[in-house]
Structure formats: C-alpha cells, structure tokens
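Structure first, commentary second.
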Amino acid sequence: MVAKVRGAILLPSPYHCLIAYFLDKMTLFVKAFGLYVCHYGLSSSGMVKVLLKRKIAPRVLLGHPWIFANEVDRIEGQLSGGEVVSVFTHDHKFVGKGYANPLSQILVRLLTREESVVIDEQYFFERLRDCWTYRKQIGYTENCRLVFGEADGLPQLIIDKFNNYFVLQTLALGIDRWKPALVSALQQLFQPKGIYERNDVPVRELEGLVQQKGFLSDPFDTRIIIEENGLRFHVDLAQGQKTGYFLDQQDNRKAIRSIVKDADVLGAFTYTGTFEIHAAHYGARSVLGLDISAQAVAQANENARLNNLQDKCRFEEANAFDVLKQWAKEKKQYDVVMLDPPAFTKSRATLQKAITGYKEINLRGMKLVRPGGFLVTSSCTNLVGPDLFLDIIGMAAKDARRNIRQVCFQTQSPDHPIIPTMENTHYLKFLIIQVQ
Ligand code: SAH
C-alpha cells in the first residue's frame, strides 16, 4: 500500500500504512453513508423526510401544526410510528419537525418550524417551563391547564395542574413516547406531590395506543381537595370524568355571581356541582342540581357539605333531557336555569343531531325560566362554533316564544389559550341570557 499526501508519493512506513488503511475505510464508510442518504432520503439531521405535495394547504403555511396523510407526496426513509420527522415542501424547503404516525390520518403533528431545533428531553423540559411561565404571566397558577396541546405547541398533550398534583394525557403516539421526559420535566419544575396518567380516552385507539390510567409518580391518594374562587371541591383524579375536574369553566362560574342572588336555581348536567355550589355561595335562595351519573351526584352532595352549603344546595340523579321536558310541561319555574352538557358530537356526520340536541335542551331550559330570569348555557362541542351556537339559542327562543337578551358571551378560561389559526382551540361557548 502506498500513502499519498498532496500528490507526493511517500514510501510506505508501518505508521503510514495504518493511517492509509483508516483513510481508506473512512472513504468507504462515507461513500456507503452517502448512498444510504440518497436512497433513504434522510434529512441532514438523520431524520426521515416527509415531502408535501406541490400545492400545500394555506393552513399549514399559516402555522397549523397538522399534516394530513393526503397532503403528503412521499416519505423518504423508513418511518416508524411516533418518531420525529422533518417536513419539507415539494421543492425541499424546510417546513418543520414533528412526530409522525402512519396509522393516523394526521400523519405529522408539527412541534417546531425551526430546522436547527433538536427534539430531545431538554426540548420538552423547556416547553413545559414556557407553559408554566405563560400561566404565571396570565395569573393562572393554583389550578390550571398547564399544557393545552396544539395551543401550547405540544400537539395532543394535556396536563392539568391541581395545586401540587398533575394529571397528564398523551393522546398521540408521538407524544406518548416522551412520557418519561414529561414526567421528569414536571418533577424538576414542580417537585409535585403526585402525577397521574388519565389516558383512558378512546381517541388513543385511533393512534394505535391502548387506553390506560395509573400513577406516573409514587402512588398517592388521588382524592384531593382544590380551592376555586374561595370555595373547596373534592376532585377524584383517578375516577372523575376527563382529568377529574373541568378547569375551563373556572371564570364562567364567577360570571353568575349577580344573577343568582335570592334566586331559585336549577342546574342540569352539574357533574360535581361546581356551578351550583357557586350559586349557593353567591346568595341563591335554593339550588337543585341534576346529573345522570350517580357518582357525580354523590360527589356534588359531598362538595355542598364541604362548603357548608348543604341546606341550600342539593343534587339528584336524573336524565336532564327527560326531566327538563317533564317539568316544562308541568310549568315549573326557576329564576335561573343552568345547562352545561357534555359534547354532543365529535363528527360532522352527526352535527345536525347535536344541533337538534342543543335546541331541545335550551328550549326546555327557557320554558323553565320565570319571565325576567336567566338562562346560563354552555356548549363544549368543537364543531358548533360561537355563531352557530348563538343561532341555535335564537331558534330555541323563537320556538319557546320568549324574547331574550344577551348578558354575556364568554369562552374557556385563558389557561386554555385560543390560537386564531386553529379553530378547534376555541371550543367552549358560555352564554348568559335574560329570558323575558
Ligand atoms: N358543569 C360541570 C361539567 C359538566 S360535564 C362543571 O363545571 O364541572 C357534563 C355532565 O353531564 C357530566 O357530569 C355527565 O355525567 C352529565 N350528563 C351527561 N348526559 C346527561 C343526561 N342525559 N342527563 C343529565 N346529565 C348528563
């Protein structure tokens, strides 16, 4: 073997032979790697490349983090579910990095638009730290939604903070893989008393994930007590609905303060009685809450006792649809009727049915309101936007032959940020109307 240095031919010494041997092997390796890169189209960072079709939806360019499978022209590289990929336009301009799942219609959920950003454990620590900084800036620290998925740049991740306890949902394969990093970030940022996983959510199955729940920290008593607006509530992090408590209504519960004074109040779809207990606390004469879930009713009655409001405030198990209809027929009257049903649909196919459902309960609700009283009504159905919701209320008023006037129209509390380019981050409608 002869070693070449800048064109000069040197006599082979054992030392030179060794260097030449390694140079040779390295050249081979680089060539092979080059071929590999060409063949599999890995991006410079070694990631799988996703190339979009020539015509990209403006949605993606405007900052929406979802890339649908039918927007993708080709994938270069061996894609394994959940991994972080780089997305490019058809002419190889960088779009972003995000986690991919070939099983999902949403093939990629973007995390960043910066090519130099490395997605690793530190990345997730920094994002959670940013989320916490934002909540502190806007004054939501005791109980808050610490991470609201896409609106916080962390697609399909939900983390609710209940004083020093945390409940986590990872609803896409991509974020599920980072669970240990998320737990470690929470430990570093908060030294929490407990972290619990509420991944018992059917939507995970669309991502090929199983439904599961359990401790992500040392086990702890998951029945905790939180404070909101000066009141106390039992929250069952393991058995309660969703993450245990509906934080998104925390400001709206305060909005009823004036209208419930000395009022007879009926609440339907009360869950653990939060609105009703607020009503009693704000000076209602009597409060009756209804929910179809026996567990929720038991918890609501306990919450009334916890706040020493049990004499004014009681809860019963009932199907609100039947009861509202029946009581409207019987011409029962209340000063304030409050409705907060669960989402009526998640699919466009059944949107019409959801609209009918909203019209029905609001019509019944209005009939139960004494002239001059108030209807407090909510909708958390994503597909029913604010305008549509107001239209439905208008139709219900027409059919109930009642005149209405709007007292306030609000949305979820700001710890669930709304991103104007992401429609589904603006999901909660909360309306108070006077019914004449
Ligand atoms: N207002 C509550 C949240 C309500 S969630 C709060 O702020 O905490 C919706 C509730 O509606 C759930 O508790 C659920 O059990 C209840 N629900 C669902 N269908 C119902 C029905 N047909 N009749 C009465 N309650 C129902």
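Values below: all heavy atoms of this structure, side chains included; hydrogens, waters and symmetry mates excluded. Note that ligands are numbered from 1 as they come in the structure, with each ligand's atoms numbered from 1 the same way.
- Using a 30° and 60° split on the angle between ring planes, Tyr245 and Phe233 fall in the tilted class, from 30° to 60°.
- Under the 30°/60° scheme for interplanar angles, the aromatic rings of Phe148 and Tyr427 are found to be tilted.
- Closest protein heavy atom to atom 6 (C) of ligand 1: Thr274 OG1, 3.3 Å.
- The protein atom (non-hydrogen) at minimum distance from atom 9 (C) of ligand 1 is Asp340 O, 3.4 Å.
- Within the listing of ligand 1, atoms 3 (C), 5 (S), 8 (O) sit less than 4.0 angstrom from a heavy atom of Phe246.
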### salt bridge (Lys or Arg N to Asp or Glu O under 4.0 Å) evaluation trace for Asp152 with Arg135
CA-CA 11 Å; Asp152 280 302; Arg135 271 60 185 182; 2.7 Å; yes

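- Considering only non-hydrogen atoms, atom 15 (O) of ligand 1 lies nearest to Asp291 out of Asp291, Thr270, Val235.
- By the 4.5 Å heavy-atom criterion applied to side chains, Phe269 and Ile361 are counted as neighbours.
- In the candidate list Phe233, Phe275, Phe321, Phe269, Phe269 is nearest to atom 26 (C) of ligand 1, counting heavy atoms.
- Scanning the protein for heavy atoms near atom 23 (N) of ligand 1, the closest one is Ala320 N, 2.8 Å.
- At least one heavy atom of Asn319 sits closer than 4.0 Å to an atom of ligand 1.
- Separation of the Trp178 and Tyr123 ring centroids does not fall under the 6.0 Å cut-off.
- For ligand 1, the atoms lying closer than 4.0 Å to a non-hydrogen atom of Ser293 are 15 (O).
- If you check which protein heavy atom lies closest to atom 19 (N) of ligand 1, you get Ile292 CG2, 3.9 Å.
- Here's the thing with Pro342: none of its N/O atoms is less than 3.5 angstrom from an N/O atom of ligand 1.
- When each of His281, Glu228, His278, Glu276 is checked for a side chain to side chain donor-acceptor pair (under 3.5 Å) with Arg253, only Glu228 meets the rule.
- When ring centroids are compared, Phe344 and Tyr358 come within the 6.0 Å threshold.
- In this structure, Arg109 fails the cation-pi test against Tyr99, since its NZ or CZ atom is not both closer than 6.0 Å to the six-membered ring centre and inside 45 degrees of the ring normal.
- Listed by atom number, the atoms of ligand 1 under 4.0 Å from Ala318 heavy atoms are 23 (N), 24 (C).
- Per-residue contacts place Arg253 under 4.0 angstrom from the following atoms of ligand 1 (heavy atoms of the residue considered): 6 (C), 7 (O), 8 (O).
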